[in-house]
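So that the names make sense, note that chain A is the first sequence line, chain B the second, and so on, each numbered from 1.
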Amino acid sequence: MTVVSGPTPAEWKQWEEQGYLVFEDAIRGEMLDRLQQAFDHWAAACKEAWLDGVARGELAATYYDIPNVLEKDEIFIDILDKPRYFEYIKAFTEDDAIHIGEQVRTAPLWPMGYTGWHPDVPPDHPLHIKVQVYVNDVERGGGEFAYVPGSHLPGAGPYPRVKNLEAMPGHKRFPGRAGTAIMFNTYGWHVAMENHTGIPRKSIILTYEKRTPGKIDPGRYAHIAPSLNTPDRRRLFGMS
Amino acid sequence: MPRIDAHGHVFARVSSEFPREAGGITPPEREETVEKLMTYMAASRIDQAMLVQIGGTTVAEHAYLLRCLSAYPDRFLGIGLIPETDYGAPQDHMDRLSDGTGIVGFRLGTVGGPPDPFEPVDVRKFTTYPIWRHAAEKDLVLWLYVRAADAHLIAYMVDAFPQVRVVINHLGICPGQGKGRHDQWGRPQIDIVPYNPAFHTTHRLSTYENVAMHLSGHYAFSKEPYPYPDLAGWNRNLLRTFGADRLMWATDFPWIYEEPGYDKLARLIEETVPDIAPHELEEIMGGTAKRFLRFPDLR
């Protein structure tokens with residue numbers, strides 16, 4: 001049986017000073033198998049609709065997100081609150097996190113990265129945390145996540161708008177095996193590096209935030225209410 | 001520093017001297033002459049402009065464009081079109097139109113690679129590959145306003161041909177299938193989504209030094225009247241990513257003569273980026289076009 005626990009003092013320190021934590025094997029075994037199978041099944045099932053969206057000018061061809069996954073397979077709900085990183089989300093948000101969204105994403109090969117270095121939200125935004133879970137093995141130079149440690153801190157920067165992603169000063173790259181999760185404070189600068197491996201990167205980006213009253217419309221997730229069957233889930237989805 | 005309008009169209013009424021295709025906003029009797037354009041330019045202190053072919057791809061249909069370039073060689077340069085039937089062997093067509101005429105490049109609406117981004121890519125199999133190769137050999141510019149399905153394919157060609165100067169038209173937006181129409185002023189209107197795929201395709205091309213971008217076409221994409229505040233952020237972001245030395249202002253004349261008016265568009269960048277540095281404004285309003293497109297010195 002896995003003992004679930006929150007951050008150690010050293011992890012607290014790293015989170016506060018560096019803005020990220022890495023969880024190897026955060027998802028493994030049968031759960032990882034279920035996740036990979038569901039990912040591949042729904043990626044194939046939804047691909048034509050994505051290509052239609054690309055042709056209509058509504059979706060980018062440089063990344064492919066499976067839409068509405070929470071209603072497609074329970075595994076996409078399970079990974080929100082079951083793996084060990086969720087105890088850290090609870091700790092960092094003082095047990096008051098809400099679910100903002102999930103991107104179940106494949107990044108096809110392309111001559112460059114599909115985005116540049118960026119933070120997601122300004123530091124006056126409520127604490128905003130992402131967890132990037134690799135669904136396949138992602139090696140260095142394979143579109144791996146990268147972060148500038150400490151860039152989430154007040155007064156950090158300014159950071160240059162580098163054209164060559166590798167030119168960002170002080171950045172750290174995060175290759176990892178399938179099931180690895182990287183948690184980061186999105187005030188900090190981050191990016192997906194270029195992929196020169198020949199293997200598209202598959203990952204899931206889970207977004208959480210410190211609760212702000214009224215941020216979630218309780219009716220928004222009514223259609224998956226039967227799956228929101230624990231106190232943690234109901235809180236995450238604004239139902240209690 | 002000259003002030004240069006980096007994209008627009010002129011055309012004559014249909015005649016044996018100036019044959020052209022006629023369409024919805026270019027009926028046979030309509031003319032939008034270069035002399036009319038010059039009066040607008042003069043009123044807004046615009047010195048030079050890029051004339052982009054409209055009304056057909058054949059050499060004969062370029063007659064009016066060639067006449068304008070010949071009559072005012074220090075004021076205008078031109079961008080031609082290529083018949084799709086010539087894509088496999090475009091050299092003769094490109095040479096006939098560009099040899100000493102003032103036509104410095106060609107506009108493309110497709111790239112012609114695999115539409116599925118997960119398919120293997122071999123640029124030599126792209127339908128426009130011979131055009132890119134010839135542009136590289138002849139130092140011609142490629143002028144891109146490609147359909148949305150091809151937006152991600154541009155990067156492969158830009159990467160393969162770093163010596164080809166590329167101008168991405170109209171804020172990098174690539175029109176989606178079924179998204180085009182005309183408004184009550186006869187202007188093209190393109191429905192776009194606010195979180196636009198361009199952010200992750202054409203805007204990423206800022207990485208390549210051989211790519212420049214137009215700040216133009218706002219009137220066609222905005223859901224608000226001039227100065228198009230919903231797109232002001234695009235101007236700022238493109239200034240941050242491309243830099244002023246790879247951005248070019250343009251009006252897309254003649255569609256804008258009536259609404260919002262040429263003079264207003266000549267002030268668009270100052271209106272939407274009021275804190276822009278003077279040297280950056282100079283670059284966007286002409287310096288970049290002068291250097292990147294090699295506009296001649298004014299007499």
Side-chain angles (χ1 to χ4, degrees), chain A residues 40 43-44 46-67 101 103 105-120 136 143 157-168 189 191-202, chain B residues 110-111 113-121 123 145-162 172-180 190-209 211 221 236-243 246:
Chain A
D40 290 343
C46 300
K47 187 174 167 186
E48 283 307 312
W50 168 60
L51 291 174
D52 288 346
V54 170
R56 287 195 306 272
E58 296 167 356
L59 300 171
T62 48
Y63 63 86
Y64 165 33
D65 287 347
I66 304 169
Q103 293 154 314
R105 175 166 296 180
T106 312
L109 303 176
W110 204 45
M112 60 190 134
Y114 67 85
T115 188
W117 285 96
H118 64 283
D120 285 348
N136 59 350
Y159 292 94
R161 296 267 175 180
V162 294
K163 293 188 168 69
N164 173 3
L165 298 180
E166 296 187 359
M168 177 57 99
W189 286 65
V191 80
M193 300 300 285
E194 292 181 8
N195 186 345
H196 301 293
T197 62
I199 301 169
R201 188 201 71 188
K202 299 178 194 174
Chain B
T110 62
V111 182
D116 180 347
F118 289 101
E119 278 186 36
V121 167
V123 294
Y145 188 47
V146 307
R147 60 186 181 184
D150 282 14
H152 65 292
L153 297 170
I154 300 169
Y156 290 99
M157 300 308 266
V158 166
D159 202 56
F161 292 101
I173 288 172
C174 297
Q177 213 168 46
K179 301 292 185 177
I190 310 291
D191 289 328
I192 63 166
V193 292
Y195 191 79
N196 203 273
F199 303 155
H200 298 285
T201 53
T202 52
H203 290 198
R204 294 293 301 139
L205 296 169
S206 63
T207 303
Y208 294 94
E209 296 296 329
V211 178
F221 310 123
R236 289 180 176 282
N237 286 336
L238 289 169
L239 180 56
R240 270 198 295 269
T241 52
F242 275 78
R246 287 197 288 131

message: Regarding A:K163 and B:E209, does a basic nitrogen lie under 4.0 Å from an acidic carboxylate oxygen?
response: no
message: Report, in residue-number order, which members of residues 106-114 of chain A are under 4.5 Å from chain B by heavy-atom distance.
response: A:T106, A:P108, A:L109, A:W110, A:P111, A:M112, A:G113, A:Y114
Salt bridge (Lys or Arg N to Asp or Glu O under 4.0 Å) partners of A:D120, counting only residues at least two apart: A:K130
task: Measure B:L205 against the heavy atoms of chain A and call it side chain, backbone, both or neither at under 4.5 Å.
output: both
- request: Just give me the residue among B:A198, B:S206, B:C174 that pairs up with chain A most often, heavy atom to heavy atom, under 4.5 Å.
  value: B:S206
task: Provide the closest heavy-atom pair for A:L51 versus B:P117 in the form atom of the first, atom of the second, distance.
output: CD2-CD, 3.6 Å
query: So what's closer than 4.5 Å to chain B heavy atoms on A:R56: side chain, backbone, both or neither?
result: both
field: Contact origin within A:L59 toward chain B - heavy atom pairs under 4.5 Å
entry: backbone
- prompt: In Å, rounded to the nearest 0.5 Å, how long is the span from CG of B:L239 to CZ of A:R161?
  reply: 11.0 Å
query: Do any pairs count as a side chain to side chain donor-acceptor pair (under 3.5 Å) and have a residue in residues 192-201 of chain B, sequence neighbours left out, and if so which ones?
result: B:Y195-B:H200
message: Can you tell me which of A:V54, A:D52, A:L165, A:V162 forms the most heavy-atom pairs within a distance under 4.5 Å of chain B?
response: A:V54
query: With only heavy atoms counted, which part of B:T207 is less than 4.5 Å from chain A, the side chain, the backbone, both or neither?
result: both
query: A:K47: what forms a side chain to side chain donor-acceptor pair (under 3.5 Å) with it, not counting sequence neighbours?
result: B:D116
Side chain / backbone / both / neither for B:A155 at chain A, heavy atoms under 4.5 Å: both
- request: Check whether B:R147 gets within reach of chain A through its side chain, its backbone, both or neither, counting any heavy atom under 4.5 Å.
  value: neither
